[in-house]
Amino acid sequence: MFGLVDCNNFYVSCERVFQPRLEGRPVVILSNNDGCIISRSAEAKALGLKMGDPYFQVKEQLRRDSVQVFSSNYTLYGDMSRRVMHYLGATVPAVEIYSIDEAFLDLGGLEQHLTPYLGNLTDLAQRLRVGVKARTGIPVCVGVAPTKTLAKLANRLAKKDAGLGGVLYLDSGERRAWALGQVPVGDVWGVGRQYAQKLTAAGIDSAADLARVSESWARKFLGGVVGARLVRELQGYPCAGLAPSEDGTLRRQSISCSRTFGRPLRERASVLGALSAFVARAAEKLRRQGDLAHVLTVFISKSRYGPDAGGHSRSAVLTLPVPTSDTRELTARAAQLLGRIWEPGAVYVKAGVVMAGLEAPGGQQLGLFGEAAPLAAGLYPVGAAVEGRSAQMMAALDGLNARFGRGTVQLAAALGPKGGGPVPWKGQAAWRTPAYTTRLEDLMTVN
DNA sequence: TCTGGGGTCCTAGGACCC
DNA sequence: TCTGGGGTCCTAGGACCC
């Protein structure tokens, strides 16, 4: 049995924890660069504001309706997320952190222990909900069902129907059938815009309809094995298990960093400066996860809008001879890759780096004859010695940046233009709230 | 030289998610 | 002027190898 805990309007809820005056008022959070809406309070949704609405298009409405607008504050959201996940991890046997604001729970086998002394799974879910709210201030809803897809569906209904008290347990075939009938097919987990269109054109309108299609039909029209699994999960047969997080953090298979620039850039040095900063950030994440990257990708994009839309992005990939997490090595490689795709005269609006082929250190460190055991003292392979020095250097870098703030120590390549001035690629964040929980200077003062 | 099957690796693209 | 960022998984095709 799976549980799904999903924070309600997570980013808005985080801001409300520190600004109670925002309760009951329409609030939206903007994406990086204050580009578009990525989180809305219930009141903002009621005003017709949509996920992904570009800010410049809804600016007037936001003003007219007195909507409270904030730039995103990922430092704060990340820290609040850790608190929620930590509580869940301490309360149930296994948790899979699915995203910053969602976690799957393993509730298998729990039911018999609960009855009658502790109540049923619905009661447990209720206690979780109350517990998260009490400890973090974040409201959540919980869905419980035999498959992940059904747990998502239950969660969605728990959110929509206030009468359910924030919790829905699909504990019988009848209740599952009822739930499937309530949900439009486009709201099923795994059905996006393209598939929704295809499905409704074929007369499949609800999750219940989708649960009735044949496996071959699902394979043919919904992306092969993915579609087949989706339908099975709706029918109540689990096709995916829980991937528990051992240390309460999310382990990634690739790590990236990309940004839309504050203004379009045409000078290669400026784009390289941005890329260097992105490499530094991504490598930091990589080291925090304790991994080395074997594959590095760099991409640069021209505008998606306006007359020359289409064919707007180019990328270059490199398999590194030796996996690394060293910012200096990765920065040098990224510069090489940029050289392969750079078009003089073009104007770029965005760039990014992706690190993939992640592996733990040591995995590739076999000796000349493939031996895994350590050699005699003083005879470690050269690669390991280099890696040791690099690791020390990077640990020192991370330590300084952790203590004195991100970007305290960085490569010269990642700095802005000589002589100071604004960093050319930095974007807008006009309404960012303080990092209340992670920066001493930003602690709230109570008078 | 041609033929065939099977495996791996890489790339590009497409769909989806939060 | 102004349209996010960071992920996942799967498929198909080509190169190359045995």
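Below, read A as the first sequence line, B as the second, and so on, with proteins coming before strands; counting in each chain starts at 1.
Between A:Ser72 and C:dG4 there is no side-chain N or O to OP1 or OP2 distance below 4.0 Å. A:Ser258 has a side-chain polar atom (N or O) that falls below the 4.0 Å cut-off from OP1 or OP2 of C:dG6. The phosphate of C:dG6 (OP1 or OP2) has no side-chain N or O of A:Ser99 nearer than 4.0 angstrom. A close approach under 4.0 Å does not occur between any side-chain nitrogen or oxygen of A:Lys350 and OP1 or OP2 of C:dT3. For C:dC9, one of the phosphate oxygens OP1 or OP2 lies less than 4.0 angstrom from a side-chain nitrogen or oxygen of A:Gln253.
Within 4.0 Å of A:Val353, counting heavy atoms only, lies no atom of the nucleic acid at all. Contact annotation for A:Arg193: backbone-only contact, meaning every heavy-atom pair under 4.0 Å involves sugar-phosphate atoms and none involves a base. A:Val191 comes within 4.0 angstrom of the backbone, heavy atoms only, and of no base. Backbone-only contact: A:Glu102 has heavy atoms under 4.0 Å from sugar-phosphate atoms and none from a base. Using a 4.0 Å heavy-atom cutoff across all strands shown, A:Lys152 reaches sugar-phosphate atoms only and no base atom. Residue contacts shown for A:Asn32 are limited to sugar-phosphate atoms, with no base heavy atom under 4.0 Å away. Using a 4.0 Å heavy-atom criterion, one finds that A:Phe10 contacts no nucleic acid atom at all. Backbone-only engagement by A:Asp101 is indicated by non-hydrogen atom pairs under 4.0 Å involving sugar-phosphate atoms exclusively.
Between A:Ile255 and A:Gly52, the residue anchored nearer the 5' end of DNA chain C, judged by the nucleotide with its closest heavy atom, is A:Gly52.
Within the structure, side chain to side chain donor-acceptor pair (under 3.5 Å) pairs that include any residue of residues 219-231 of chain A comprise A:Glu215-A:Arg219 (at least two apart or interchain).
Taking atom C1' on both C:dC16 and B:dG4, the two are 16 Å apart, rounded to the nearest angstrom.
The distance between atom CZ of A:Arg252 and atom P of B:dC18, rounded to the nearest whole Å, is 13 Å. With rounding to whole Å, A:Arg340 atom CZ is found 12 Å from B:dT11 atom C1'. The interatomic distance linking A:Ile37 (CD1) with C:dC2 (P) rounds to 18 Å, in whole Å. The distance between atom CD1 of A:Ile341 and atom P of B:dA12, rounded to the nearest whole Å, is 11 Å. Atom CH2 of A:Trp431 and atom P of C:dC2 are 15 Å apart (whole Å). To the nearest angstrom, P of C:dG7 lies 14 Å from CD1 of A:Ile97. Rounded to whole angstrom, the span from the CD1 atom of A:Ile38 across to the C1' atom of B:dC18 amounts to 10 Å. In this structure, CZ of A:Arg251 is placed 16 Å from C1' of C:dG7, rounded to the nearest angstrom.
Not one N or O on the side chain of A:Asp398 forms a donor-acceptor pair closer than 3.5 Å with the backbone of A:Ala395. Although no hydrogens or angles enter the test, the distance criterion places a donor-acceptor pair under 3.5 Å between the side chain of A:His294 and the main chain of A:Leu320.
With salt bridges taken as basic N to acidic carboxylate O contacts below 4.0 Å, one links A:Glu96 and A:Lys148.
Side-chain proximity of A:Lys285 to the nucleotides B:dT11, B:dA15, C:dG7 is greatest for C:dG7. Considering only the side chain of A:Phe56, C:dT3 comes nearest among B:dC17, C:dT3, B:dC16. Closest approach to the A:Ser256 side chain among C:dG4, B:dC16, C:dG6 is made by C:dG6 (side chain taken as heavy atoms from C-beta onward).
Of the residues in residues 219-239 of chain A, those placing a heavy atom less than 4.0 Å from an atom of DNA chain C are A:Val225, A:Val226, A:Arg229, in numerical order.
Aromatic stacking is marked for A:Tyr305 over C:dT3, as both cut-offs hold: 5.5 Å for the centres and 30° for the planes.
When both distances must be under 3.5 Å, the Watson-Crick or G-U wobble mate of B:dA12 is C:dT11.
A:Ile100 has its side chain within reach of A:Phe10: a pair of non-hydrogen atoms, C-beta onward, lies under 4.5 Å apart. Considering only heavy atoms from C-beta on, A:Thr324 stays 4.5 Å or farther from A:Arg333 through its side chain.
No hydrogens or angles considered: nothing links the side chains of A:Thr260 and A:Asn33 as a donor-acceptor pair under 3.5 Å.
Shown here is A:Glu23, whose CD atom has more than 12 heavy atoms of other residues, nucleotides or ligands within 6.0 Å.
Of all non-hydrogen atoms in A:Phe299 and A:Ser258, the two that sit nearest each other are CZ-CB, 3.6 Å.
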